[in-house]
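The structure under discussion appears below in the form of structure tokens.
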Protein chains: 2
Amino acid sequence: MARKPGSRSDITGPRIRAAARHLFARHGFAAVSMRQIAAEVGVQAGALYLYTPDKETMLVDLLRDHMDELIAAWDAAEPSADPVERLEAFVRFHIAFNLDHAEAVFLSYMELRNLGPENFAVIEGLRRDYENRLEAILRAGQDAGHFAVPDTKLATLAIIAMLNGVNTWYREGGRLGRAAIGDIYWDMARKAVAA
Amino acid sequence: MARKPGSRSDITGPRIRAAARHLFARHGFAAVSMRQIAAEVGVQAGALYLYTPDKETMLVDLLRDHMDELIAAWDAAEPSADPVERLEAFVRFHIAFNLDHAEAVFLSYMELRNLGPENFAVIEGLRRDYENRLEAILRAGQDAGHFAVPDTKLATLAIIAMLNGVNTWYREGGRLGRAAIGDIYWDMARKAVAA
DNA sequence: AGAGTATCTGAACGCCCGTTCAATACAATC
DNA sequence: GATTGTATTGAACGGGCGTTCAGATACTCT
């Protein structure tokens, strides 16, 4: 046997990425073998190397694509210029996006330590880019007198950490729907930075 | 060679636990081999099995001991009966304890997925015990009219997630000392749940 | 129909894994 | 100083790891 009927790289490629993302998120990067990923896709391990030079590159590509998508989605949202409304939009956006990309979010926070220094720096830089967008909102609101935070950078990190927490407990079909969760977290975030 | 000079189980045991905690936190449970842990301690891999039946038990013992210590430390603190003062004490306690046990905290959040179902349930139960202590504070403050949270359980999880965030960026000798960090997070937490 | 290219297999490479265990050197006790 | 119990080695077990590559099959284009 060799090439399989119906095989096409633009089908197999995404399937490999999805399988890797799923398995890495579920069991951890180090605990998942190339053979397991291949089995999930239905190919032999050797075939993976048509799509990635090595295992670590597979991970860093997943992380970078996720961070790029996150930043692009927020930039595309283009909410109101008012800092308070912007903050509300950010809170709701962040929760919704993270719930829609739970596996990639999990990976982005858990598997950074499996990256070499240069790959680590790339992902860390993208994360900072995203954080800076929230920090700019807080600073603008502070300057306009709507917010009063003791430390802008810490408030940024505190809000993001708080919002990220949703992913650890949210289950589809649970007590609260996504809209209700957005309402609740917006209430807490708003008050936390209120003047 | 066999038994080594000066060898005693009450010395080697803690050294093995410390090495495992350190290496698991740094590289991840699955990425660390028994031989690496043994090398860090200065023994052969086989010697580890005098101290643990297997690798997973090593991890779950670390996690359970950490959670037990966390809960015992908070219960020993016995702060004021006033909900607002209790919440302030909790915020400062949680940050301080987590910074003092950064590796174990990291493990407790990252490596649960490497546990079998029964071990997972044990650690998850201890975590819930701890969360319930904060939830009780919030409920008491709510009943007394000092707090106004839209959802007590979510407020509990939101505050803990926010406080846990400190561990991801804190570095010894950084811009802010621990006391200042406690002040800043207490300010935000207080306002987030304020009536 | 035939050539060329894209896709995948299957076997192999050297290496490391978690775990077991008989042998053995030291410590503790008397 | 002899004896008993404790702590450890070092080798071995079967198996899985990431990665490479020659060969084989399926599509695509002319």
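Each chain gets a letter, A, B and so on, in the order its sequence line appears, and its residues count up from 1. As a basis for the values below, the full set of heavy atoms in this structure was taken, side chains included, without hydrogen atoms, waters or symmetry mates.
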Could you work out which one of [options] sits closest to the side chain of [X]?
{"X": "Arg35(B)", "options": "dC17(C), dG18(D), dT20(C)", "value": "dC17(C)"}
{"X": "Ala2(A)", "options": "dA26(D), dA7(D), dG23(D)", "value": "dG23(D)"}
{"X": "Gln44(A)", "options": "dG10(C), dA27(C), dT19(D)", "value": "dG10(C)"}
{"X": "Met34(B)", "options": "dA7(D), dC8(C), dG18(C)", "value": "dG18(C)"}
{"X": "Lys4(A)", "options": "dT9(C), dT9(D), dT19(C)", "value": "dT9(C)"}
{"X": "Arg3(B)", "options": "dT8(D), dC17(C), dG18(D)", "value": "dT8(D)"}
{"X": "Leu50(B)", "options": "dT19(C), dA7(D), dG18(D)", "value": "dA7(D)"}

Discussion item. Heavy-atom nearest nucleotide on DNA chain C for Pro5(B) versus Ala30(B): which residue maps closer to 5'?
Written reply: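 The 5'-side residue here is Ala30(B).
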Item to complete: Taking the six-membered ring of Tyr109(A) (Phe, Tyr or Trp), confirm whether the NZ or CZ of Arg127(A) is under 6.0 Å from its centre and within 45° of its axis.
Response: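 Cation-pi check for Arg127(A) and Tyr109(A): passes.
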Practice prompt. Decide if atom CZ of Arg133(B) counts as having more than 12 heavy atoms of other residues, nucleotides or ligands within a radius under 6.0 Å.
Written response: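 Above 12, so yes.
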Worksheet item: Taking for each residue the nucleotide of DNA chain D bearing the nearest heavy atom, is the 5' side occupied by Ala31(A) or by Gly46(A)?
Response: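 This one resolves to Ala31(A).
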Roughly, in whole Å, what's the span from [atom1] in [X] to [atom2] in [N]?
{"X": "Leu59(B)", "N": "dG18(C)", "atom1": "CG", "atom2": "C1'", "result": "15 Å"}
{"X": "Tyr49(A)", "N": "dG10(C)", "atom1": "OH", "atom2": "P", "result": "18 Å"}
{"X": "Glu56(A)", "N": "dC17(D)", "atom1": "CD", "atom2": "C1'", "result": "16 Å"}
{"X": "Ile16(B)", "N": "dT8(D)", "atom1": "CD1", "atom2": "C1'", "result": "11 Å"}
{"X": "Asp54(A)", "N": "dC17(D)", "atom1": "CG", "atom2": "P", "result": "17 Å"}
{"X": "Ile11(B)", "N": "dC26(C)", "atom1": "CD1", "atom2": "P", "result": "17 Å"}
{"X": "Met58(A)", "N": "dT19(D)", "atom1": "CE", "atom2": "C1'", "result": "13 Å"}
{"X": "Lys55(A)", "N": "dT20(D)", "atom1": "NZ", "atom2": "C1'", "result": "17 Å"}

Worksheet item: So among Tyr185(B), Trp186(B), Tyr130(B), Trp74(B), which one has a ring-ring contact (aromatic ring centres under 6.0 Å, His included) with His94(B)?
Response: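 Single ring-ring contact (aromatic ring centres under 6.0 Å, His included) partner of His94(B) among Tyr185(B), Trp186(B), Tyr130(B), Trp74(B): Tyr130(B).
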Report yes if a side-chain nitrogen or oxygen of [X] is closer than 4.0 Å to either non-bridging phosphate oxygen (OP1 or OP2) of [N]; otherwise report no.
{"X": "Ser9(A)", "N": "dT7(C)", "answer": "yes"}
{"X": "Ser7(B)", "N": "dA25(C)", "answer": "no"}
{"X": "Ser33(A)", "N": "dG16(D)", "answer": "no"}
{"X": "Tyr51(A)", "N": "dC8(C)", "answer": "yes"}

Discussion item. If you define the side chain from C-beta out and look only at heavy atoms, does anything of Asp129(B) sit under 4.5 Å from Met67(B)?
Written reply: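 No, every pair of side-chain atoms sits at 4.5 Å or beyond.
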Worksheet item: Heavy atoms, side chains only, cut-off 4.5 Å: are Val122(A) and Val60(A) in contact?
Response: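 No, side chains not in contact.
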Item to complete: Please work out if Val41(A) contacts a base, only the sugar-phosphate, or nothing of the nucleic acid, heavy-atom cut-off 4.0 Å.
Response: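 Answer is nothing: Val41(A) stays at 4.0 Å or more from every strand.
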Item to complete: Look at the rings of Phe93(A) and Phe90(A) and say which category their plane angle falls in: under 30° parallel, 30 to 60° tilted, over 60° perpendicular.
Response: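 Because their plane-to-plane angle lies in the 30° to 60° range, the rings of Phe93(A) and Phe90(A) count as tilted.
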